[in-house]
Amino acid sequence: MTPVTLSFLQQCRQDNTPFSCLTAYDATFAAQASAAGIDVLLIGDSLGMVLQGHDSTLAVTMDDVVYHTKNVARARPRSLIMADLPFMANATLESTLLNSARLMQAGANMVKIEGEGWLADSIKALVRRGIPVCAHMGLTPQSVNAFGGYKVQGRTSDAASKLIEDARVLETAGAALILLECVPRQVAADVREAVSVPVIGIGAGPEVDGQILVMHDMLGVSQGKRPRFVKNFLATEASIANAFRAYDHAVKTRTFPAKEHCF
Ligand SMILES: Nc1nc(=O)c2c([nH]1)NC[C@@H]1CN(c3ccc(C(=O)N[C@@H](CCC(=O)O)C(=O)O)cc3)CN21
Ligand SMILES: CC(C)C(=O)C(=O)O
Ligand SMILES: [Mg+2]
């Protein structure tokens, strides 16, 4: 049971063998997902929606993410543990550093931050202090009010070029991973081509290195409108453990995402 490391994910990219990621918020599901082969567990601020019942992620606090990160870490999963910096936890460089430290002390192996090119200074400061960073780009849900809804990003050629340029900037700043949410599959493929770090996608098509979904979505238990990129893996399986294995297998054989899940 060798633990998943960033160098393993880098090797996946080099070998062109996709890896699987899933959100996790507690010890029980984290243990199940890890045993099913899921490589990365994200304590996502999506917990504000699927656990707390909010209609956005903005109400989630540092205490919330710390609490759930501790619960996931107690499962001692084989998976790499990544935790989201919630809304405004990166209001200043100092708060970015101190809040990221709290996530690492709660048991995370790395942090994820939403943003664009302007994240470079924060990423540099974190990486200098030994905290690996995933840069979450494209549809960044903490900016839902600025976007005017959960809309596909990078649709115009200007927006696509900016995304590619900013991904390069954040890689140079030291980002270990890039996560792209809700972008046209060709834009995701172009971003992946432009950088050398592994790229994780959600609603970003199959031409990336890793896939991620919110656990409740892939078990078909989320409330409300289901985004296009979601697939219910429990619908055809007899147990949650089997649904996790089916998702892991589908990602690793590139049978998920299919055309109908892409923009
Ligand atoms: N349960 C859950 N699943 C998620 O994937 C998720 C969360 N919560 N909370 C945080 C964000 C919000 N996310 C969302 C929510 C809705 C869409 C959505 O409905 N998108 C439209 C795109 C419309 C367009 O511009 O074409 C879609 O049809 O999928 C996308 C991402 C992703 N994240
Ligand atoms: C959807 C993923 C990428 C996320 O950021 C979350 O679950 O909060
Ligand atoms: Mg998030």
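We count residues from 1, following the sequence as given. Order of listing sets the numbers, starting from 1, for every ligand and every atom in it.
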Worksheet item: atom 25 (O) of ligand 1: which protein heavy atom is closest, and how many Å away?
Response: Val152 N, 2.9 Å
Worksheet item: side-chain hydrogen bond (donor to acceptor under 3.5 Å, both in side chains) with Lys252: which residues, sequence neighbours excluded?
Response: Asp39, Asp248
Practice prompt. Considering heavy atoms of the protein only, find what lies nearest to atom 11 (C) of ligand 1 and give residue, atom and distance to 0.1 Å.
Written response: Pro141 CG, 3.5 Å
Discussion item. I need the contact type for Asp45 against ligand 1. Using non-hydrogen atoms and a strict under-4.0 Å cut-off, is it side chain, backbone, both or neither?
Written reply: neither
Worksheet item: Can you list the ligand 1 atoms lying under 4.0 Å from a non-hydrogen atom of Lys151?
Response: 25 (O)
Discussion item. What's the separation between atom CG in Asp190 and atom CD in Gln186, rounded to the nearest 0.5 Å?
Written reply: 4.5 Å
Discussion item. Quick check with a 6.0 Å cut-off and a 45 degree axis cone: is Lys70 positioned over the face of Tyr67's six-membered ring?
Written reply: no
Item to complete: Give the atoms of ligand 1, by number and element, whose distance to some non-hydrogen atom of Glu181 is under 4.0 Å.
Response: 11 (C), 13 (N), 31 (C), 32 (C), 33 (N)
Practice prompt. Apply side-chain hydrogen bond (donor to acceptor under 3.5 Å, both in side chains) to Ser196 and list each qualifying residue two or more places apart in sequence or on a separate chain.
Written response: Glu171
Practice prompt. Around the Mg ion (ligand 3), list the protein N/O/S atoms within a radius below 2.8 Å, excluding water molecules.
Written response: Asp45 OD1, Asp84 OD2
Item to complete: For this output row, return yes or no: ring centroids of Phe19 and Phe8 closer than 6.0 angstrom.
Response: no
Fill in: atom 22 (C) of ligand 1 [closest protein heavy-atom partner, distance rounded to 0.1 Å]
Tyr150 O, 3.7 Å
Discussion item. Distance alone, cut at 3.5 Å: any donor-acceptor contact between the side chains of Asn99 and Arg102?
Written reply: no
Worksheet item: When you measure from atom 28 (O) of ligand 1 to every protein heavy atom, which one gives the shortest distance, and what is it?
Response: Lys225 NZ, 3.3 Å
Worksheet item: Which protein heavy atom lies closest to atom 9 (N) of ligand 1, and at what distance to 0.1 Å?
Response: Met49 SD, 2.9 Å
Practice prompt. Using distance alone, with no hydrogens and no angle criterion, decide if Ser161 and Asp158 have a side-chain donor and acceptor under 3.5 Å apart.
Written response: no
Worksheet item: Charged N to carboxylate O below 4.0 Å: is that the case for Glu165 and Lys162?
Response: no
Response to the item:
Ranked by distance from atom 6 (C) of ligand 1, the top protein heavy atom is Val214 CG2, 4.0 Å
Fill in: Part of Val144 with heavy atoms under 4.0 Å of ligand 1, whether side chain, backbone, both or neither
neither
Worksheet item: Can you tell me the protein heavy atom closest to atom 29 (O) of ligand 1 and the distance?
Response: Arg228 N, 2.8 Å
Discussion item. Can you confirm, on distance only, whether ligand 1 has an N/O atom lying under 3.5 Å from any N/O atom belonging to Cys182?
Written reply: no
Worksheet, complete the sentence: Candidates Asp217, Asp55, Val230; heavy atom nearest atom 3 (N) of ligand 1 found on Asp217
Please tabulate, one line per pair, the protein nitrogen or oxygen atoms found under 3.5 angstrom from a nitrogen or oxygen of ligand 2, with distances to 0.1 Å, or say none if there are no such pairs.
| unit_1 | atom_1 | unit_2 | atom_2 | d |
| --- | --- | --- | --- | --- |
| ligand 2 | 5 (O) | Asp84 | OD2 | 3.3 |
| ligand 2 | 5 (O) | Lys112 | NZ | 2.7 |
| ligand 2 | 7 (O) | Ser46 | OG | 2.6 |
| ligand 2 | 8 (O) | Asp45 | N | 3.1 |
| ligand 2 | 8 (O) | Asp45 | OD1 | 2.8 |
| ligand 2 | 8 (O) | Ser46 | N | 3.0 |
| ligand 2 | 8 (O) | Ser46 | OG | 3.4 |
| ligand 2 | 8 (O) | Asp84 | OD2 | 3.0 |

